[in-house]
Every structure is written in C-alpha cells, then in structure tokens.
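Since the structure is predicted, the reported quantities are computational estimates derived from the model, not experimental observations. Note that ligands are numbered from 1 as they come in the structure, with each ligand's atoms numbered from 1 the same way.
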Amino acid sequence: MAPSSTYESRTRNLHTVDPEVFSLIQKETERQEYGLEMIPSENFVSEAVLEAMGSVLTNKYAEGQPGKRYYGGCHVVDEVENLASARACELFGVEFANMQPHSGVQANQAVFEAFLKPGDTIMGLRLDQGGHLSHGSPVNFSGKHYKVVAYGVRTTDCLIDPDDVRSLAREHKPKLIIAGASAYSRQIDWKVFREAADEVGAIFLADIAHYAGLVAGGAYASPVPYADLVTTTTHKTMRGPRSGMVMGKLAHQKAINKAVFPGLQGGPHMHTIAAKAVMFKEALSPDFKLYAKQVVENARALSAELIKKGLKIVSDGTDSHLLVMDLRPINVTGKVGEAVLDAVGITGNKNTVPFDPQPPTICSGVRLGTPALTTRGMGVSEMAQVATFIVEALTNVGNESKLSAVRAGVEELSRRFPLYKHRLVK
Ligand code: DSN
C-alpha cells in the first residue's frame, strides 16, 4: 500500500505533514492574537465552531434536500442540516431557512434566480454610498444581468432618504427591491422598503449580512416582519463559519431551494452547515444577547470618542457595529489611513465616504467595527484606549518612533484579552 494510504500516514498532524502551511497558520494566529481586528465584517469563531468546520463532514456529498438526496449515506448529514435549519428558524422567527448557500453573494444570487429574469429591474443601495457588490454593482452578476436603479443617501445627513426610495420605485417599477448594506451604520427602516415594494408589486429582499448577529441578539431591528426574503452571511456579527443562508416565508421555500440546488450550486458543504448549527446554538444563548448589545455600545462609545478627539464620522455616529471615519478634515486618504493603522496593528479597511471625491482605490474613509474586539471581551473603557491609538496613528503618519510606541500599546492591550493563545506553539 502506498504510504499516503496508510492509517498511520493519514493520522499524522499538520505540523508533521506540512510544516510550511502549519507555520503560516501559526503566523496568522499570532497576527489575530496580538493586533486589534476592526474590520466590521470579521469576527472570531469559538473552538466548537472550528471543531465542526474541521470535521469529517467535509467528506460527504449531499446534493439535494434532507430526505431527498442524490447520494446514499446521507441519513446523518440530513439530521445535521435539519438541526441547523430548525435553529435558524427559531433564532430569527422565520418559516424556512436554506442552509446551503456557500456565501452571502450566493444567497443573494439564489433570490435573483428564483424571482427574476435577466433584464428585469432591481433596486439597491449604491456601492459607493454603503451598499454591497451584489446589490447591483456594474462589475457583479447583479449589475451585469439586470437593470439597476440605485438609491443613495442624502447629502445633508448621509441617511437613506425614504422619499427617494419610494419615488424611484414608483418611477422604475422594479421587480426586486433590496435593503441592506456593507457600510451603513444607522438603523435601516425596513417598513419603508416594504411599503415601496407593495406599491409596485416588487419582492422585498433584506440582506442583513452585516447586522444579522445584532438582529439575532435583539440589538438592531429585525426585517423579518416586513421582508419577503432575508439573506445573510454567517461569519460577521453572527460569529459563525464563513458562509451564507436564505430565510423567509414558506411560500418562497420551494423556489429558493430550487435556485440554490440545482440552480447555482452542487454539493452543500456539510462541515460548514454543522458549524452553522453550532453557531445558532451559541446565538440562542442569553450570553449572545449581551454580546450583541455590547457590540453596539462599544461602536457608539468608539464613535463618540473619535468625534471628541476631532475626527469626522459619517452620519455623526452609529446604531450598529460599524462606523466610517471621513479622513478628509485631517488630510489623510483612506488608503494611507488603512496602511498606517495596519502598521500599528489595527486592522480596518479603506472605504468610500458618500460623495467621495477620491477613486475607490484611494477613498477618503476607513471603515471600522467592534464585533471582533467585543468577542475578546473588550468594553467601553477599552474603546477609549482604542480611539486614542487610532487618532495617534492617523495624526502621526511617517513618525516612526511615535508609531512604534502606539504599536506597543496595541500589543499590550491585545495581550490582556487572550483569544487563541492556546493554539500558538511559542
Ligand atoms: N465584503 C464584505 C464586507 O467586508 O463588508 C461584505 O460582503
């Protein structure tokens, strides 16, 4: 028998089989452990979620739906998928939940596939004013195959204008209206979109990829009473594996299931679905409500501290887990801001601000969020310290000695809130 097929060879650990990959994973673990992760779409999963993701369920093909598969040997994974769906329905108060989309874009694509024909009109928030790629960006399938009418935010306060949403809907009669965002920190008024959709007979899709964990924990209003379909990723505020899902009313279940498989995907990733089940169990616990509330409190505290220290925040604050700093008043671009924060161990991402004069590769803003720091156990008092680090870094571009002092402070703070320390070999 070839060595690679022996039981002994298959049970060797990663460190022995592939020291190169092992050491890269160690390096990334160190980066996460000793820095401040502030990209609002990132979070840190539990050991239980990691264990489910790294399980033998990755070996199983299970095309189809539980109880109706195109493969034998699915009785166990059927139970896994049913458990995940049932927990999602309980958590969000929905009638069905399809667990199979591999990511948020696939979840949105399933809704397009189920209800639209190429050339139909859709409405979504402009990408450069906080929207998402899959809500109609010209470089994405959603903008290439459908006619897009994009709504934006008001110049005065950078908030979505309900009158604009209603009048664009009346004028263009879209088949699908999408609410949801990647860089919009305020509460979205879901009812406005329901009313606009009803006026023109459109489907209303709420994409809560960013807010899902807050919705689940009761810290952000839920679109479930208003939307026909709700899509989300599961790895942001939800704190689960990197994946997506579609939920909604029973009347739409058949069309969505068919659009996901065989419409868009083949075999579902059963190890990820198991990890989603674990995540839902965690999110159903009373602790998760406290977590969601703290995420928002931390973001509000961080925003208030940054404003106090002279920075400008888009829409002057936040109702969620994220905020976008507008760096124009301090003459720093988003690109430089991201790089200088990176240099001190704070990870954020450059982001356009509404009506940004800079191209998207440069941008005028940096987007930050509190989900990952809150998972580490940080609270409002740490946010004040983090705000000081951020302002010191942004106002000392090029001052190496100052930046290395900030870097030391960032590492000291991180060490006080251990994360995956037990995974590091040194
Ligand atoms: N790309 C994600 C984000 O960072 O917000 C959205 O899918």
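Contact annotation: the side chain of Tyr146 approaches that of Leu116 to within less than 4.5 Å [non-hydrogen atoms, C-beta and beyond]. Looking only at side-chain heavy atoms (C-beta outward), His210 and Thr237 stay at 4.5 Å or farther from each other.
Residues Arg170 and Glu199 are paired through a salt bridge, judged by an N-O separation under 4.0 Å between the basic side chain and the carboxylate. Between Glu28 and Arg423, no side-chain nitrogen of the basic residue sits less than 4.0 Å from a carboxylate oxygen of the acidic one, so the salt-bridge criterion is not met. Contact check on Glu37 versus Arg31 returns a salt bridge, with a Lys/Arg side-chain nitrogen under 4.0 Å from an Asp/Glu carboxylate oxygen.
A donor-acceptor pair is defined here as one N or O able to donate and one able to accept, closer than 3.5 Å; no such pair exists between the side chain of Tyr211 and the backbone of Ile188.
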Exercise answer, ligand 1 polar atom pairs (N/O) under 3.5 angstrom:
unit_1, atom_1, unit_2, atom_2, d
ligand 1, 4 (O), Ser41, OG, 2.7
ligand 1, 4 (O), Arg367, NH2, 2.8
ligand 1, 5 (O), His210, NE2, 2.6
ligand 1, 5 (O), Arg367, NH1, 2.9
ligand 1, 5 (O), Arg367, NH2, 3.4
ligand 1, 7 (O), His132, NE2, 2.9
ligand 1, 7 (O), Lys236, NZ, 3.4

